[in-house]
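Heads up: the structure comes next, in structure tokens.
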Amino acid sequence: MLKINNLHASVEDKSILKGINLEIKAGEVHAIMGPNGSGKSTLASVVAGKEEYEVTDGTILLEGEDIEELAAEERAHKGIFLSFQYPVEIPGVSVTNFMKTAINANRKAKGLEDMPANEMLKLIREKSEMLEIDRKFLSRSLNEGFSGGEKKRNEIFQMAMLEPKLAILDETDSGLDIDALRIVANGVNKLKSKDNAVLVITHYQRLLDYIVPDFVHVLYNGKIVKSGGKELAHELEEKGYDWIKEEVNA
Ligand SMILES: Nc1ncnc2c1ncn2[C@@H]1O[C@H](COP(=O)(O)OP(=O)(O)OP(=O)(O)O)[C@@H](O)[C@H]1O
Ligand SMILES: [Mg+2]
């Protein structure tokens with residue numbers, strides 16, 4: 001699905017990613033953990049194709065295709081979904097309308113007509129029921145006055161609607177309460193299939209009790225310095241990152 005080779009990236013001439021190697025196969029869930037400032041969100045942004053980041057070396061292959069030259073929007077159309085670490089507010093645009101626009105833009109990129117209104121309604125109903133989202137919420141202005149948990153719920157709704165091949169969830173920003181954690185986890189678990197893959201960036205071992213990862217990677221100073229199974233997340237929770245830093249610096 002996703003294959004990252006020797007990826008180096010910088011922002012404003014500052015080198016942030018310093019040789020990332022990562023392969024995510026279809027059907028797998030990977031988690032990335034690591035200290036603040038280690039480059040986790042940068043990695044997510046670079047894979048999603050955000051412009052402010054410059055790839056200085058290495059390759060990113062999505063299903064064997066080099067996506068380096070593709071704009072963020074094109075990558076999204078190819079099935080890469082990045083949750084917003086800081087979601088934007090769009091007054092006057094409802095959750096539903098935003099979603100309709102996104103879905104139809106996706107279809108257009110594939111040469112398809114707009115989704116018929118009744119089909120769209122059915123899809124919205126199905127996915128919102130699955131995620132226990134109520135009607136009132138769907139008609140609210142996008143992210144305007146949303147609580148942290150509501151933002152999460154909306155994000156997961158977007159993911160469920162778009163059914164991405166690779167979903168990247170950057171959960172570092174907010175203090176998610178137990179409910180929000182469950183929302184994120186339920187959404188991901190329901191979306192999971194043998195044909196897609198999920199990359200979760202998190203500081204919370206707790207989240208990984210709900211979304212059980214196949215692999216856990218530790219990013220430190222722009223490199224993946226340790227990989228393991230889900231037990232690695234428990235070890236980090238218990239021991240912190242110092243032992244890893246010591247290993248790396250030894
Ligand atoms: N757009 C940007 N402009 C300037 N510096 C940036 C930018 N994006 C990232 N950086 C810098 O790159 C480094 C890595 O940041 P990044 O956000 O990837 O860390 P992180 O691992 O996600 O941290 P956290 O756990 O706090 O979310 C930091 O030093 C940060 O200041
Ligand atoms: Mg981050």
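In this chain, residues are counted from 1 in sequence order. Remember, it's a predicted structure, so these values are computed and weren't measured experimentally. All ligand and atom numbering here is 1-based and tracks the order in the structure.
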Which heavy atom in S83 sits nearest to a heavy atom in L169, and how many Å separate them? OG-CA, 3.4 Å
For residues 54-67, please give each side-chain donor-acceptor pair under 3.5 Å, one per line with the distance, not counting sequence neighbours.
{"residue": "T56", "atom": "OG1", "partner": "H8", "partner atom": "O", "Å": "3.3"}
{"residue": "E63", "atom": "OE1", "partner": "K165", "partner atom": "NZ", "Å": "2.9"}
{"residue": "E65", "atom": "OE1", "partner": "K78", "partner atom": "NZ", "Å": "3.4"}
{"residue": "D66", "atom": "OD1", "partner": "E68", "partner atom": "N", "Å": "3.0"}

Pick one of side chain, backbone, both or neither for how N36 approaches ligand 1, counting any non-hydrogen atom pair under 4.0 Å. both
Got a sec: is S41 within less than 2.8 Å of the Mg ion (ligand 2) via an N/O/S atom? yes
Are any of the N or O atoms of K14 closer than 3.5 Å to those of ligand 1? yes
Are a donor atom and an acceptor atom from the side chains of K151 and N143 found within less than 3.5 Å of each other? no
Can you confirm whether or not the ring centre of F137 sits under 6.0 Å from the ring centre of F146? yes
Could you tell me which residues satisfy ring-ring contact (aromatic ring centres under 6.0 Å, His included) with Y241, sequence neighbours excluded, listed by chain and number? none
Here the atoms of ligand 1 under 4.0 Å from any heavy atom belonging to Y53 are 1 (N), 7 (C), 8 (N), 9 (C)
Apply ring-ring contact (aromatic ring centres under 6.0 Å, His included) to residues F157 and F98 and explain how you reach the verdict. CA-CA 11 Å; F157 176 59; F98 180 78; over 10 Å; no
Taking only heavy atoms of I16 into account, list the atoms of ligand 1 that are under 4.0 Å away from them. 11 (C), 12 (O), 13 (C), 14 (C)
Could you tell me which atoms of ligand 1, counted from 1 in the order shown, lie closer than 4.0 angstrom to a heavy atom of T42? 9 (C), 14 (C), 15 (O), 16 (P), 18 (O)
Polar contact flag for G37 and ligand 1 (N/O pairs, less than 3.5 Å): yes
